[in-house]
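Read through the structure below, which is laid out as structure tokens, and then see the notes.
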Amino acid sequence: MADYNYKEIEKKWQKKWADDKVFAVKEDGKKEKFYCLEMLPYPSGALHMGHVRNYSIGDVLSRYQMMNGKNVLHPMGWDAFGLPAENAAIKNKIHPAKWTKQNISVMRQQLKTLGISYDWDREIASCDPEYYKWNQWFFIKMYEKGLAFRKKAVVNWCPVCQTVLANEQVSEGVCWRCKSPTEHKELEQWFVKITDYSDELLEGHKELTGHWPQQVLSMQQNWIGKSYGAEVDFKIFAGNKAGSLKVFTTRPDTLFGVTFMAVAPEHKIVSEMKNEIKNWDEVSKYAAQSAAKTNIERSQSKEKTGVELKGITAENPVNGSRIPIFIADYVLTGYGTGAIMAVPAHDQRDWEFAKKFNIPIIEVIKGENSSIEKSAYEGEGVLVNSGQFNNIKSDKAINTVIDWIDKQGFGKKTINFKFRDWLISRQRYWGTPIPMIHCSKCGIVPVPIKDLPVKLPEDVEFTGQGESPLKTCESFINVKCPKCSSPARRETDTMDTFVDSSWYFIRYCDPHNDKEAFDISKVDYWMPADQYIGGIEHACMHLIYARFWYKFLRDLGMVKSDEPFTNLLTQGMVTLGGSAMSKSRGNVVSPDEIIDKYGVDTVRLFILFAAPPQKQLEWSIEGVEGCWRFVNRVWRLQDIINVKSSVSAAQKDKDELLRAMHKTIKKVGVDIEKKLQFNTAISAIMELVNFLYAYKFHSNDGGVSKEVYKNTVILMAPFTPHLCEEIWRNFFNGKDYISRSKWSVFDENMIKEESVEIPVQVNGKVRGTITIDMDSDEDLVKDTALKNEKIQKALDGKKIIKFIYVKNKIATLVVK
RNA sequence: GGGCGGAUGGCGGAACUGGCAGACGCACAGGACUUAAAAUCCUGAGAUUCGCAAGAGUCGUGAGGGUUCAAUUCCCUCUCCGCCCACCA
């Protein structure tokens, strides 16, 4: 028989699947639903192996569930807004919309050659006004609920290009285009008050435990960063003027060791105390220098820097001692209060700072063998030099000190989060326009719902110079105030693209609705998504934003569950030579080429077989070759199964083959559904195929081997759908598509073995094996073991101290 | 610096809840088929020692220690690698 002709066969079935809309679905209350969701791609121009992996994994699960009778929703779309389109516009003089649409059509074609079971009728692109209209609608709802608000925030600014830069457009402090040093600039921007949901986002993890990778839950927990501690007020004195400085600390037990304070250069006390600060020139110079640095530069500086605020001092409330105050850029504005109480003996950063500025270091926690000579001691211990708290253990002291602070009235117990509000403003063109209007009389006014969507104007220029193209587009900016009709200006910021990806999976449930974002009853049928699949790099941002958005929709009464994704699978990277495939490394393998050479079934099989989905996958062309051989091995069984044998099969031979088949059916089901471990499912199928090759009675066994082959094809269908469809329809005369046919069932009785071979250990070493009846009792096993010649030899007349038997597994003799 | 993962033959990987480490595949070697090669089919194989062989022994899951009759799996210490976040008080 000729090789599996993938070129013809794969194309043929892809066309039939599309023509017959095999994967189109509708809500059906009589059927159990399964929503399989893969992270939608950014239309960068070409599919890469990471995409192929992501979508192959999803396809296995979707097809498996279809064959198990579920009503499967499996959609695909495009995360179509974003910076690269705008960069392309500047570089190649092509409109972002045109560039994006071209890329989508190329990648859509590539996706179709993968043979994934998508319902293409549900395709969406986030740059379509029909989609982003609802981003605007949700934004207005958030605004009405006080969840969208304006606040000053820092952006990277290139003084030469006169433009705002994204973090990725700044490397080593210079603009990516003109290489001039960038600056920081404060702008009034839009935020979403995601921190209102901090606690709930943490609580929700309880529901996800066991269904999401622990890794992702831990990362989100640390990202949200809830910590318990105390807020403490320090009095400050500057000449006749007095004030106070609030700090947050997780270690109130070290309060007696505070020997100085430090504030972030941006802290408001610096400007408030301007007249009292005696070395103002020096201080303001330092503040300006810090402002010019990026956060990364600030964090990478090896040496701690700072300037003392001369003329003001603080008082340590626990002992009344006067301590100096510094501004220092190792203190962050965003966390806590932007000011710290420094305990050099027990915080390494404070220790380094104190050494440099000759500030006293007072030990207040004494651990076993602890020392503060060479570095800070950050561990636990008992309190010393701490007045009435001496000799209390530090972990206990935290609460004791907080209670005392509270009673004395200079502080209180607090909870602090690392988590920040979501800055959604972007000073860009290619994004969803924020639907707000600035009126000189009425202030900020939302665009009336009936006027949505606020469409992006098409006729703008992309120069890369100056501000966002929207700012210079007169027809866009100039509007009448919806309230008072006087001339007003449109908001020119667009939304972060994470907004688009925060609810697209809900839109898939009702993708063409032009009356509302989605029909609640349809969404109620499909959501939450049963399985979400994507890269680990989205563990924190996207997966937190999407969870937040879902909770917000729930509060609007639009969705009925609390969490959008029941199960999560984070796939590993595809690497070559140990590192991720990337253009800059020049180690990219194009899916198109490989598919052309081996067919898509082979490529899918390799990607699913070479590593478990969660782990890194090393690309190997030899591995692909191996899968190609296996595909053909399965293909050739069509001939082999009909070969006449000279001997006829005994019942024992047939039973043995059938037992192997039932075992395989069971294992493949468990591996796909419960373990999401496709590599072992595939190797089990390989073993069954090897068995069929070793079996000698093919056409002389009353159809048993044919039955086994048929089930093999069914088990393989989720992995290599084209190959299996062809064999199913042609060789087995399947009436319907294989994806609509029934998954194999196994018979537990067929799997049971009557006897089992178990190893016998003597003092931990295997010295022989015995064959016993399944579930034999312990005494019998012991007798059998002791009668064994090899075991007797190993025992060598020694005394048996102990006999341990693990049922049907192993027997151990401990002797002396 | 912090957080989260990981380390098993020449390579990718397997191993239920602590129970025969190395399934399956790749690469390799040998054989069959062939005029020959490719393809295909079959067989072999962790390392090491003894043995002509059948076989027998020892070592072996990053390193070192511990618990256990038994550890890739549990505990402690350390090394290296990857990913994410960057001085989080």
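No experiment lies behind these values; they were computed from the predicted model shown.
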Using a 4.0 Å heavy-atom cut-off, does A:Gly626 contact any base of the nucleic acid, only the sugar-phosphate backbone, or nothing at all?
sugar-phosphate
_Counting distance alone, no hydrogens or angles: does the base of B:rG19 have a donor or acceptor under 3.5 Å from a partner atom on the side chain of A:Thr812?_
yes
To the nearest angstrom, the CG-P distance between A:Leu543 and B:rC85 comes to 13 Å
Atom CE of A:Met541 and atom C1' of B:rC85 are separated, to the nearest Å, by 10 Å
* Could you tell me whether a side-chain N or O of A:His698 sits under 3.5 Å from a main-chain N or O of A:Leu692, the two making a donor and an acceptor? => yes
Item to complete: Pick the C1' atom in B:rC52 and in B:rG46, then give their distance to the nearest Å.
Response: 24 Å
*asked:* Give me the distance, rounded to whole Å, that separates B:rA71 from B:rA63 when you measure between the P atoms they each carry.
replied: 15 Å
### Task
Please check if the distance between the ring centroids of A:Trp422 and A:Phe498 is under 6.0 Å.
no
Euclidean distance for P, B:rA70 against B:rG51 (whole angstrom) | 33 Å
Problem set entry | Salt bridge present between A:Glu753 and A:Lys663 (N-O < 4.0 angstrom) | yes
Name the pairs: protein N/O against N/O of nucleotides 4-12 of chain B, kept only if under 3.5 Å.
unit_1: B:rG12; atom_1: O2'; unit_2: A:Ala610; atom_2: O; d: 2.6

Rounded to whole Å, CD of A:Glu625 lies from C1' of B:rC28 at a distance of 16 Å
TODO: Answer with yes or no after comparing the ring centroid distance for A:Tyr598 and A:Tyr6 against a 6.0 Å cut-off, counting only values under it.
DONE: no
For nucleotides B:rC16 and B:rU72, find the distance between their P atoms and express it as a whole number of Å. 13 Å
A:Arg767 CZ to B:rA70 P, in whole Å, measures 14 Å
ask   = Could one point to a donor on the side chain of A:Lys809 or the base of B:rC20 with an acceptor on the other under 3.5 Å away?
value = no
**Message:** Taking B:rC76 as the reference, what is the distance to B:rA86 when you measure between their C1' atoms (whole Å, please)?
**Reply:** 30 Å
#### Entry: OP1 or OP2 of B:rA23 under 4.0 Å from side-chain N/O of A:Asn690
no
**Prompt:** Under 4.0 angstrom, heavy atoms only, what part of the nucleic acid is A:Lys674 near: base, sugar-phosphate, or nothing?
**Reply:** nothing
- [ ] Mind checking A:Arg420 for me? I need base, sugar-phosphate or nothing, with any heavy atom below 4.0 Å counting as a touch.
- [x] nothing
Fill in: Interatomic distance at C1', B:rC69 relative to B:rC11, whole Å
36 Å
Could you list all N or O pairs between the protein and nucleotides 37-40 of chain B that sit under 3.5 Å apart?
unit_1: B:rU40; atom_1: O3'; unit_2: A:Arg636; atom_2: NH2; d: 3.2

* Asked: Between A:Tyr695 and A:Phe691, does the ring centre distance come in under 6.0 Å?
  -> no
message: Ring centroids only, cut at 6.0 angstrom: are A:Phe678 and A:Phe609 within range, meaning strictly under it?
response: no
Base-pair string, RNA chain B, Watson-Crick plus G-U, cut-off 3.5 Å on both distances, | for inter-strand, is (((((((..(((......[....))).(((((.......))))).(((((....)))))..(((((..]....))))))))))))....
### Message
Is A:Gln677 close enough to B:rA15 that one of its side-chain N or O atoms is under 4.0 Å from OP1 or OP2 there?
### Response
yes
*Using the C1' atoms only, state how far B:rC20 lies from B:rA7, rounded to an integer number of Å.*
24 Å
query: How far does the C1' atom of B:rG5 sit from the matching atom of B:rA56, given to the nearest Å?
result: 43 Å
Note to self: Please classify the nucleic acid contact of A:Lys765 as base, sugar-phosphate, or nothing, using heavy-atom distances under 4.0 Å.
What the structure shows: sugar-phosphate
note: A:Glu537, atom CD; B:rG82, atom P; distance rounded to Å ~ 17 Å
